[in-house]
Structure formats: C-alpha cells, structure tokens
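Everything on this sheet refers to the single structure shown next.
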Amino acid sequence: MANLPKIYAPHEIEGKWYQLWQKNGYFHAESTSDKPPYAIVIPPPNITGSLHIGHALDNTLQDCLIRWRRMQGYNTLWMPGTDHAGIVTELIMERQLAEEGTSRTELGREKFIERMWQWKDESAGYIVSQLQKLGCSCDWERERFTLDEGLSKAVRTAFVKLYDQGLIYRDTYMANWCPHCNTVISNLEVEPIEIDGHFYHIRYPVKDSEIVLEIATTRPETMLGDTAVAVHPEDERYQHVIGKTALLPLCDREIPIIADAYVDTEFGTGALKVTPAHDTNDYEIGLRHNLEQLTIFTPDAHINENAPEKYVGLSRWECREQVVEDLQNLDALVKIVPHRHAVGHHDRCGTVVEPAISPQWFMNVRPLAQRAIEATKKGDIQFIPERETTRFYHWMENIEPWPISRQRWWGHRLPIWDCNACGAVTAAMETPQQCEVCGASDFRQEEDVLDTWFSSGLWPFSTMGWPENTEELQTFYPTSVLVTGWDILFFWVARMIMLGLGCMNEVPFRTVYLHGLVADEKGQKMSKSKGNSIDPLETIDTYGTDAFRFALVNTSTPIPYVPLPESQIEAGKRFANKIWNAARFILMNLEKHPVPEKMDDVAAEVPSPYKQETLEIAWIQSRLSHTIATTTEAFEDFRFYEGAQILYAFLWHEFCDWYLEFAKQRISQNQPEALWVAADVLEQTMRLLHPVMPFLTEEIWQQLPHGGGKNESAERGSITVSAWPEPIGENPTAETTMATLMEVIESVRSIRGELNVPLGASVEVHIQSPNAEIRERLEAYLAQYLPAFTRVADITIAESLSKPPASAEAVIGELAIYIPLADIIDLDAEHARLSKRHQQVVKDVAAAQKTLDNPNFIQRAPERVVKQKEELLARLEVEKEKLARSLAMLTESEKE
RNA sequence: GGGCGGGUAGCUCAGGUGGCUAGAGCGACAGCCUUACAAGCUGUAGGCCACAGGUUCAAGUCCUGUCCCGCCUACCA
C-alpha cells in the first residue's frame, strides 16, 4: 500500500476487477427475486466487426443505469446479445469472398450460410470482449443472438400470428429496389442525397397534328418505359391535347395523353411523362388510368428486352447518355438545364435506389401504430428527451406498409409455403404435412428472408424466451428502459413498440432514453466513412476505460450531436489521476493512523460536527450529503452528465482543494479524526462515482476501510454490490461559516498573488469586522486553517482597527483584511487592483439599487427575493465605501 | 414545403417550473518541482447570453418576428 504508484495506471487494474465481478456472478439477474426488477435489453450490436464510438457511449450509459440500480438494490438484468444484421453482414462477406476469388452465388446458399456462421462466431466473440473491456456489467449467462434457435422460433411465431391476423400479406407493388444488393428495401433505408443533376426537355409530337409537347425529366432513360403523357385536367394550355395520342420518340410507340390532377402546372412544362413501372407517382397515376406497367430494367438495373434493341444490356447511366445523344440527333432534345434534386441511395451500400414493381411481403403496421400512439398517450411509455415524443407521433401517424421480405440469404427465412399443386399459401412454424386446400404434400418454401429489423423488433421478449411464458418474461417484461441513439427511433424503437403490442399485448419498455450521437469538434457525426471517428479500443489503451467513460458521460448532454474532443478524454484521465492521488494520500496516512477497530461508523463516531474545532468535518459531511442528493436526482432524470459534473466538482474542488488541506493540518497536529472522515467521505464518493468509473472506484474502495464491521457495505465483496449512499442531511450553519473562512483565505491568497509577495515570505493579517459572531468564528478557526494555505506570521482580529501603513487591502462586505507589506508593496499595483474592484462594485450597487427603488418590486416580488436583494445591496455598499476610502488614502500616500 | 434542435468566455458546452454579483472544462497569461497529485498547485484576464420587439416588479430563461448553423421529414417529375 505504501508503494502505490504516483500515477494512476489503469491497465494494471481494469482486467483483474472485471474477472472478479464475473467470477462472483454480480452481473447475473435472478429469474425470480424479492428485489424489485430492473431490466434493460442491449441494442444488439451488428456482427459487422468492431464496436464504434456510438456503441461506447450507448453502452456506457446503460452500464451507468444498471450499476446504479444494482447498488440501489434492484434485481438488475442487462440482457446482452448481437444482431445478425442481414444485408450489411452479407456485404462484408461478399467483399471477403471476392478477395478469395469466389462469390456468394458460386458458393450457393448452404455453403454461404455456413461461412456466415463462422464469421458470426468470431465477430460476436470480439464484440463481447470489447463490451467487457468497456466495463459493461451485462448478464453474460444470457447472451443471445437474433438467429439463435429460440429467437428464430419467436420470429416464426410472430410472423404466423400476424399473418393469421391479416397484418402480413404478399402483394405485387412498387417498392425501393437496390440493384446492387438485389433486394427490396424499406423507405427508411433509402437516404436521399442532394445531387446536381439535369432537367432534360424533350419533344413528344402529338399524333395527327402539328402540336409538339415539351416534356421535362431528370431521368430521360426511363422514357423507354413511358406509357402515357399526363397534363393537369384544368391546364388551359393543354386542353386541346387531352385524349389525343403522343408519339414516343426512340420507341415508335403511341401513348395516350391523359389528364390527372397530380400534375403540377407550375412545375417544369406542366406536361409529365408517365413511367408506371419506374416511378412511384407514375405508378399511382398508372393505376388510376389503367396504364400498362412496362418494366425496362433488369434487377441489376440494366436495360431489358422491353426496350428497343439498341439499348438492351446498357446500364442505367450508359442508357441515359445514349438516349440523350439519340434525342439530339433526332432534334427531339430542346435543352438541358442544371437541376439540383434529392436522389435516393441505399444507406448500406450507397447505390442509387430504383423504384421497382415486384411481389413482396408487407406488414400492415397501421393498426399497431395506432395502438402504439394510444399507449404512449396513456403514459405507458415515456420518451427522454420529451421532444422525441413529437417525432414519434409524427412518424407513427404517417406510417406506410412495411416491406419485410428481402431477397437475401442471411436471416430468417419466411415461414411461408406455397403448395405446388394448387398454389395455396400456408404460414406455419414448420413445413406443413399437407395442403389444407387440396391435400397435396408438395410444398415450396418462400426463398426470401425477413428484414433484420423484424427480428430486432421482437428483441425485448424473444431474448426472454417468448413464445414460452418464462419466468424471465413474468419478472422483467415490460423492461424498464431502452437506451439508444435518436437516429434509430423509427428503425427499431417504433417497431419494437408495435411488435411488443402485437405479440405481448404490452409495450416492451416504460422509458425510452434517446441520447445524442457522438460528433467531432466540428459537430460532424463521427463515422468510419468520414474518417473522423475515435476508435474505442485505441482510446481505452491510451487513456484507460474510466477516463473514456467519464468523458462520454460528461459530454452526453441532451443535444442531437455531442462533441467529444480529445481534451475531454484527457480531462477524464486527469480526474482519474487526481482521485488516485487523493486516495494515495489518505491510504498512506492511514498506515500511521489506522481507523480504530471499535469504530463501526466513522461518520457517526467522530467528534460532534457541531463542536467548533471540527467545523471542516461538519462542512464536508454536509457537502457530501448535498452531493449524494443532487447526484441521485440527476441520475433519476437521466442527466448523467450533470451527475458526473457534480462529482467532479465535489471531489476536486471541495474535497481535494479544501478538505484534504484542512486534514493535513489536523494530522500534523495529531488529530486523526479528520483523516478518518476523509476516508469515509472518499469511500462514499467512490460509490457515487462507481456507475461512471467502475474500475478505479473498485480499486480504491477495496483498499479503503469501508465502515468497520457494521456498515452493510463492508460485508459485500465488491463496490459493484455495495449500497448506494443515502444523504445524511445538510448543515447550513457549517456551510455559511466555512464560506466566510474560504473568502478570507482566498482574499489573502489573491493579494499575495497579485502583489507578487514571495512564496516564502510570511505576512501579518489584520482583520476588522464589526460583527461579533463573525469575529468569534474567525478567532476559533482562522489560526487553525489559514496556515494550511499560505504563510502567515500573525493574525489580528478586531472590531475596529486602523489600516496599517503601506498595506494591501481586501474587502468582503463589512469585513476588511489588511496585509502590511511595507517593503514590497507596489502602490500603483495596489491602486489598480482596488480601483478595478471598486468600479465593479459601483456597477453592482447601481443595479441592485435600481431594483430596490422600484416600488412594484417591493410589492410584488416574494419576500425572500426582496430580502436577498436588500442584503446584497447593504453588503455591496459597505464594500464600496471601504474601497473608496482606501483609494483616497492610497492617492494621498502617493503624494507624500 | 412542413417540423425539430442550436446560436452564452478564444474553443466545446452547462445554466429543470423566470429571482444568488451568469458557470465549468480546455485554452491564454503570470508565478510556483509547497512532504497525495507538474496528468499538479496558486493567482489573473476574458461574456450587450445572435438580433429586434413584447409579457413581467424581474428575462440567458416565457411569447412574437428576423438572421445564421445543423438535423429530421416531404411525390414536385
């Protein structure tokens, strides 16, 4: 103990404690317990490799909640696991296969899935080890994976249930298609990106007339699939062409000219080419007018044989160039105008999305969305921050059918069987024996897999064993809180709520805490693709887990993008080191002055805090009590950053800066009670800080005496399972007295600093105060405390005393401090110093006076506020006069 | 086009239901290797709280408008 290193070395400490925690099963939740339940399901990280900074923040916050509630005596469950993340993971694997010179299709479905499972085993293991390095106190015995047998059964059960309710159905419909991934995706997965494109104005001649319609489009290549031209029914410019036929250039096709109110007369030329198979709006128009849906693209977005032969096989972009060139040659191209517009891209692979018609499985989410809204309005779910509720409602109220099938292999295959004999569709848990319609037993299972978010949506109960009615579900469902970034409110949170209501008939969680996304100094979201992200493991290696966690928590204010500059992590490291050294100081001194055996409870057994000679003990205990209360309150309101800031300020600027300095004096005077209290305060503060900085606090807590024999915490083997501190009450008298003392000490230090009094020089301090009570307090404590902070030769305290010649002065209300500095005082410097303060006070006096001169203020403001103001003014006025007098004297002495 | 968030010290941010002389961290400047800590200690400087109105005894805080920045959302080809 005596040879504790001077500098905190996190790496020697972190690993060993995590192992102990796990070995002792502190993280394991009981399925049934007398303790109240508290449950969080982890947002399962994708098995795409390593965790990023966002995971670090998300899981740190969850760990804070779990550790805090565990200490409060809850039966805490933090359910961990990973997500198979269909499309992304497949993309990674496909890249890997390409490097090996093979491909997904070459391997075939079965072999490919095998490879995926190998990948999963490695990746999930790596993710778990990273979470453990971060200190996450998950219940690892319950780790889950979305493709586990149990969770897969939950998926099939949910699917069949919703299918039977008619909420899931197959339909041929237009949806977003990714030509790269070869699958349909939902509109949430489409990221609109502003692109500098062009408006191509094209001439469409009208049959049997001289009329030529000018049509504007951003996608000229789609004209090969045009099956109509539309104008607004009331557009006067075009009345004479409605019902006529247009001649589609390049295709020699005749297409009708129709009237539809969708067309905006103000936009473009007011005449719209209609491509029902390749544009969402055109699709709708097509349905209304019974137009042919002419598909001209292959699934990978090349031109198919529905187009004129010369274009077949071209890519979308090649075709566009060719079409434009051909139109120019035909003199059918009027002009090309630059046009900036949003183009949809697949958020996973970046490919431009193609609206396409295909048979897909959809989920009608409207009824469940409605229930989700009602449940939230009823208060079953609370969003933090509250503003997210509005976003949630808005999304839910405008929700559209959810395409849930994906033309991929890695995922839950749809539990749908088509009868090869009669075509009847069966949804079932297993392959059906025979067709309920025709009795045949020849089936073909649907090839598609489900959208990953479908299984993620069941996570809060599939992880607990649903569809079985398990003890876990009975104990922990609905879970207590869900913690995630606001960016996946719709993707995931909304769907969990809907599926929770659909499957469990109850919301999946009571509170949704949506934190910000980690950004760099410029406010840009950190991401690997931007190259501005911090790697959690590297950061932990450099600064230690606790420093990193402190920085994450400290910056997690409720704004959408939270900047995490390197300097914050450094601050965390310095804080850890500061705590380490405070502990070192206490532990080293405890060797010389051990806490007596018989002392069961330090806080209760030190000499009465109200006795004069132990003012600093009463004070620090009062401040600790306040810290316990405010930190707990902050945690309850999900303001972890505030809790972190409170603890930082208390530990550093009250406990270390002041209390330990007092304690040094006491120890040197052979009064070790102050040391024992220091140990006690540090022990309790370690418990408060443990949710944020688990490793450091454990290390210190283990070495500190934790309250002798009777304190409950002592019987527990780890701070992890120690009790959350309770406030013991505050002591306003001690706090006020200490505030005065601190002001005096600070004034003396300030004078010395500003007038450059050499450190080694002792000074006399003369204090004048008309207030007998204050004089009494100063007399009792100042001689004791002041030498701890600065060199003093002598202290004089009197009701009135004249200012010694050539002395510096400080004024605290009606109290004045004089320090004779005959040899060294710089009168100009002193004059400047006092003058500056004087000017400030004059301003403050005027402001306070103005408020008090207002009769309405006296009349209408609460008495408390008026009194405060009056006291402030009185204090300031005394100070002003004193300063004015001193300034006059200084000026006079300068003349001499 | 609609909606949301932000604009407070050089930088990054705190400032629940209006009421302490507007705070912190980092940075800057000056001085200290004071026997826990130089990853430290002490002192100092630095703010018309975006702008304009309004409500109020009282506004950084509430209301209206304006200007910037960011985000979400929307079928304008």
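To find a chain, count down the sequence lines: A is the first, B the second, and so on, and within it residues start at 1.
Taking only side-chain nitrogens and oxygens, A:Lys664 never comes nearer than 4.0 Å to OP1 or OP2 of B:U35. The side chain of A:Tyr393 contributes no N or O atom lying less than 4.0 Å from OP1 or OP2 of B:C4. For A:Trp395 and B:A74, the shortest distance from a side-chain N or O to OP1 or OP2 is not below 4.0 Å. Considering only side-chain N and O atoms, A:His653 lies under 4.0 angstrom from the phosphate OP1 or OP2 of B:G25. Residue A:Arg752 places no side-chain N or O under 4.0 Å from the OP1 or OP2 atom of B:G31. For B:G19, neither phosphate oxygen OP1 nor OP2 lies less than 4.0 angstrom from any side-chain nitrogen or oxygen of A:Lys867. At the phosphate of B:C37, OP1 or OP2 sits under 4.0 Å from a side-chain N or O atom of A:Lys6. Distances shown here put a side-chain N or O of A:His339 below 4.0 Å from the OP1 or OP2 atom of B:A77. Close to B:U73, at under 4.0 Å from its OP1 or OP2, lies no side-chain N or O of A:Arg391. At B:U44, one or more side-chain N or O atoms of A:Ser750 fall inside 4.0 Å of OP1 or OP2 (strictly under the cut-off).
Distance from the side chain of A:Val263 is smallest to B:A77 among B:U21, B:G40, B:A77. Closest contact between the side chain of A:Tyr262 and the listed nucleotides B:U21, B:C75, B:A36 involves B:C75. Comparing B:C37, B:U21, B:G5 by their closest approach to the side chain of A:Lys869 singles out B:U21. Side-chain proximity of A:Phe585 to the nucleotides B:G40, B:G43, B:A36 is greatest for B:A36. When distances run from any side-chain atom of A:Arg864 to the nucleotides B:G19, B:G46, B:A77, the shortest one goes to B:G19. Closest approach to the A:Thr557 side chain among B:A14, B:A39, B:U73 is made by B:A14 (side chain taken as heavy atoms from C-beta onward). When distances are taken from the side chain of A:Glu661 to each of B:C13, B:A36, B:U73, the shortest belongs to B:A36.
Rounded to whole Å, the separation between the P atoms of B:C41 and B:U56 comes to 49 Å.
A:Pro862 comes within 4.0 angstrom of a base, heavy atoms only. Using a 4.0 Å heavy-atom criterion, one finds that A:Tyr641 contacts the sugar-phosphate atoms exclusively. Residue A:Arg833 is classed as having no contact, given no heavy-atom separation below 4.0 Å to the nucleic acid.
For the 3.5 Å distance criterion, the side chains of A:Glu189 and A:Ser186 qualify, holding a donor opposite an acceptor.
Between A:Gln568 atom CD and B:G27 atom C1' there is a gap of 13 Å when expressed in whole angstrom units. In this structure, A:Asp657 places its CG atom 12 Å from C1' of B:C37, rounding to the nearest Å. The separation between A:Phe650 atom CZ and B:A24 atom C1' is 18 Å, rounded to whole Å. We find that CG of A:Asp260 is positioned 17 Å from P of B:A77, with the value rounded to whole Å. The distance between atom CG of A:Leu590 and atom C1' of B:A36, rounded to the nearest whole Å, is 13 Å. Rounded to an integer number of Å, the gap from NE2 of A:His394 to P of B:A74 is 8 Å.
Of the residues near RNA chain B, A:Asn756 and A:Glu266, the one whose nearest nucleotide (by heavy atom distance) lies more toward the 5' end is A:Asn756.
Under 4.0 Å is where a charged nitrogen must lie from a carboxylate oxygen, and between A:Glu746 and A:Arg749 no such pair does. Under the 4.0 Å criterion applied to side-chain N and carboxylate O atoms, A:Glu754 and A:Arg837 are not assigned as salt-bridge partners. A:Arg219 and A:Glu354 are joined by a salt bridge, as a carboxylate oxygen and a charged side-chain nitrogen come within less than 4.0 angstrom of each other.
Pairing for B:C71 goes to B:G3, judged as Watson-Crick or G-U wobble with the two contacts each under 3.5 Å.
Heavy atoms from other residues, nucleotides or ligands lying under 6.0 Å from OH of A:Tyr173 number 12 at most.
Looking at heavy atoms from C-beta onward, A:His838 lies in side-chain contact with A:Val842 at the 4.5 angstrom threshold.
A donor and an acceptor atom never sit less than 3.5 Å apart when one is taken from the side chain of A:Tyr561 and the other from the base of B:C71.
For the residue pair A:Leu786 and A:Ile745, the shortest heavy atom distance occurs at CD1-CG1, 3.7 Å.
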